[in-house]
Amino acid sequence: MKLIFSFLMLVALQVSGQPKVNEQRIEKHVLELAKIGIDSIGRNYRVAFSEADRQGRAYYMGLMKAAGLNVTIDYAGNIIGKRKGRNPQKKPIAFGSHIDMVPDGGNYDGVVGSMGGLEVIEVLKENNITTEHPLELIIFANEEGGTIGSMAMAGALKMEGLKVMTASGLTNYDGVRANGGDPEKISQAARKPGDYSAYLELHIEQGGILDQEKLQIGVVEGIVGIQHWEVTIEGFANHAGTTPMDKRQDALLAASKYVVAVNEAVKSFEGRQVGTVGKITALPGAYNVIPGKVIASLELRDLSSEKIAMVFKEIEKRAADIAKTSNVKISFRNLNVTSMPALMDKGIMAKISAVAKQLGYSQKTMQSGAGHDAQEMAHITRAGMIFIPSVGGISHSPKEFSKPSDMANGANVLLQTILMLDKE
Ligand code: GLV
Ligand code: MN
Ligand code: MN
């Protein structure tokens with residue numbers, strides 16, 4: 001009994017003696033950033049490379065500088081805040097996330113990891129702690145458009161990817177330039193394996209598992225791969241009043257069949273793969289014209305690249321059948337913004353789990369169905385991710401929400417995991 005009591009006292013002492021993050025400050029920063037990027041009709045529109053994105057980045061860089069970081073922008077437009085370590089021979093421990101959002105997105109996706117990372121720096125400063133390793137807090141450019149900034153850092157971004165149009169109306173090429181990078185020199189943004197000691201990312205779960213199971217921390221073991229295609233369906237635009245129903249080449253009608261076919265093809269395989277048609281435009285777009293052309297999207301995700309390739313083949317086959325019976329042409333163009341599936345580092349997972357346990361947080365090991373900058377960073381360094389609950393499992397929506405206490409828990413786990421890695 002006495003022995004158990006002494007052990008509990010020791011653990012309590014260890015935990016109470018550790019520096020803790022400031023929940024109110026994290027919440028304040030999240031809410032302040034949320035005010036930037038609301039458009040004229042009230043939507044959250046801080047999409048990458050927009051004017052609002054630049055305002056958000058300027059706000060964040062101000063916070064980084066006030067926290068004592070040396071702030072630079074790399075050739076890919078990533079914001080990097082550096083803090084010196086005691087031992088410059090050691091490779092930096094990197095951590096961060098993103099502050100761009102999807103059109104009409106939420107205020108927590110990416111932002112929790114960005115503000116949680118900043119909070120780590122604030123706490124180290126307040127407690128006069130200098131780590132052995134240098135630290136780098138990174139805010140990646142255009143995460144939502146296909147992890148563009150982190151892909152460049154991992155040396156995986158091709159010129160084709162830079163040509164892709166983004167929600168801001170700028171291509172990645174022009175957007176990177178607008179955000180202070182240089183697309184012509186983007187290959188120099190690449191870091192080599194071994195340049196970093198590790199990369200950590202705190203993020204909201206974006207699904208409902210932690211919330212439903214009333215757990216506080218998710219230790220991520222793997223992140224799905226993601227591929228995007230632009231799909232063009234070409235029929236023939238003709239008069240909607242004079243063209244008989246059996247003489248039409250209606251591209252939108254074929255597109256409707258394509259949307260259903262994607263859903264059915266994805267579900268025809270065993271497993272957790274997902275596929276979505278999230279974007280569609282019918283041209284010319286008039287009440288009295290049969291749609292002659294449709295531009296649609298296709299996104300496929302799975303932990304295995306082979307599975308994605310297999311599902312895509314099945315979709316192509318079903319699309320060819322639709323094209324034949326609907327008398328249209330259907331073509332797929334891969335957008336070269338592919339994120340490869342990535343496993344997190346087992347050693348880092350063990351550290352995150354040990355820290356969560358020490359801090360008294362309930363936890364589980366889980367996969368990520370959302371893409372993250374960590375999956376690109378995992379190709380050049382050991383990577384780990386910490387998830388916190390998303391209320392109701394809602395994300396990529398203005399209704400996205402995570403409780404301030406959960407944000408603080410996640411930031412405490414991030415802080416202590418960094419300190420544990422620093423002892424290596
Ligand atoms: C990124 O948020 C993604 O999973 O699309
Ligand atoms: Mn995100
Ligand atoms: Mn997102």
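FYI, side chains are in, hydrogens and waters are out, and symmetry mates aren't considered; it's all heavy atoms of this structure. Read the numbers this way: they start at 1 and go in the same order the structure lists the ligands and their atoms.
In the vicinity of E144, heavy-atom distances shorter than 4.0 Å reach the ligand 1 atoms 1 (C), 2 (O). Using a 4.0 Å cut-off to heavy atoms of A370, the atoms of ligand 1 that qualify are 4 (O).
With Y361 contributing its side chain and V413 its backbone, the two residues share no donor-acceptor pair below 3.5 Å.
Of all N/O/S atoms in E144, OE2 sits nearest the Mn ion (ligand 3). Per residue H203, closest N, O or S atom to the Mn ion (ligand 2): atom name NE2.
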Inset, instruction - Starting from the C-alpha separation in whole Å, work towards a yes-or-no answer on salt bridge (Lys or Arg N to Asp or Glu O under 4.0 Å) for R177 and D182. - result: CA-CA 5 Å; R177 175 157 285 157; D182 184 345; 3.5 Å; yes
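Selection from H372, Q375, M101, R301 by nearest heavy atom to atom 3 (C) of ligand 1 gives R301.
Tested against Y59, the residues R54, E32, H29 include a single side-chain hydrogen bond (donor to acceptor under 3.5 Å, both in side chains) partner, E32. A side-chain hydrogen bond (donor to acceptor under 3.5 Å, both in side chains) with N179 is found for exactly one of D100, D53, N78, namely D53.
With ring centers used as reference points, F95 lies 6.0 Å or more from Y199.
Around the Mn ion (ligand 2), the two atoms NE2 of H98 and OD1 of D109 are separated by an angle of 90°, to 10 degrees.
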